[in-house]
Each structure stands twice: as C-alpha cells, then as structure tokens.
Amino acid sequence: QELKLDRSAYLREVLRKGFSMDKQDRLLEKYNRRELSQMEVCEALGWSPWEFLAQLKAENLHLNVDLEDWLDAAALEG
C-alpha cells in the first residue's frame, strides 16, 4: 500500500531488486578474487568509480591494488 502498487507489480519489483543485488554480489566476489577489474565491475553495474569505492567500503572489501600496480602507475607518469 505504501508504494501504491498492486501485488504483482510489487512482486516484480522485489524480484528485480533481488536479481540486481545477486548480480552485484557476484561481480564484487569476482573482483575480490581478482577475476575482474574495478572498471569491468563499474561497467557491468553502471557505477562510477566513486560508487564502486563506496560499495567496497559498505561491504568491508578492499581495493585490489598491489605495490606493482603503484610502481607501474608511477612509471607511466615519469
């Protein structure tokens, strides 16, 4: 009643949100296992890099950045 939807529309919305959360969880897990990059996850979910970082924080996950990544980035600048 709060959403002013009939029962079938409400159930469709709940399922859509559930599938969306499942997709998000699976992609973040792949990122955590280093199977996907940050940009691949952002593209798949339509997120900005800032939204990605906020979600990592919310899920208590960390960026997959190694010392070699920092050194490679520094070499590109210099």
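Each residue takes its place number in the sequence, starting with 1. Values reported hereafter were calculated over all heavy atoms of this structure, with side chains retained and with hydrogens, waters and symmetry mates removed.
Between Leu28 and Glu59, the closest heavy-atom pair is CD1-CG, 4.1 Å. In this structure, Ala44 and Lys23 approach most closely via the heavy-atom pair O-NZ, 3.3 Å. The shortest non-hydrogen separation linking Ser48 to Cys42 is O-SG, 3.7 Å. The two residues Asp6 and Ala9 make their nearest non-hydrogen contact at OD1-N, 2.7 Å.
Atom OG in Ser20 sits 12.0 Å away from atom CG in Leu15 (nearest 0.5 Å). In this structure, Gln38 CD and Glu43 CD are separated by 11.0 Å, a value rounded to the nearest 0.5 Å. A distance of 13.0 Å separates NZ of Lys30 from CG of Asp25, quoted to the nearest 0.5 Å.
Residues Glu51 and Gln55 bring no donor and acceptor atom of their side chains to less than 3.5 Å of each other.
When the shell of 6.0 Å around CZ of Arg33 is examined, it contains more than 12 heavy atoms from other residues, nucleotides or ligands.
Judged by distance alone, the side chain of Asn64 and the main-chain N or O of Tyr31 form a donor-acceptor pair under 3.5 Å.
A continuous path of ILVMFWY side-chain contacts below 4.5 Å connects Val65 to Trp50, so both sit in one hydrophobic cluster.
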- request: Begin from the C-alpha positions of Phe52 and Leu63 and carry the test side chain to side chain contact (heavy atoms under 4.5 Å, CB included) through to its verdict.
  value: CA-CA 10 Å; Phe52 176 80; Leu63 273 175; 4.2 Å; yes
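Within the 4.5 Å cutoff, no side-chain heavy atoms of Leu56 are placed close to those of His62.
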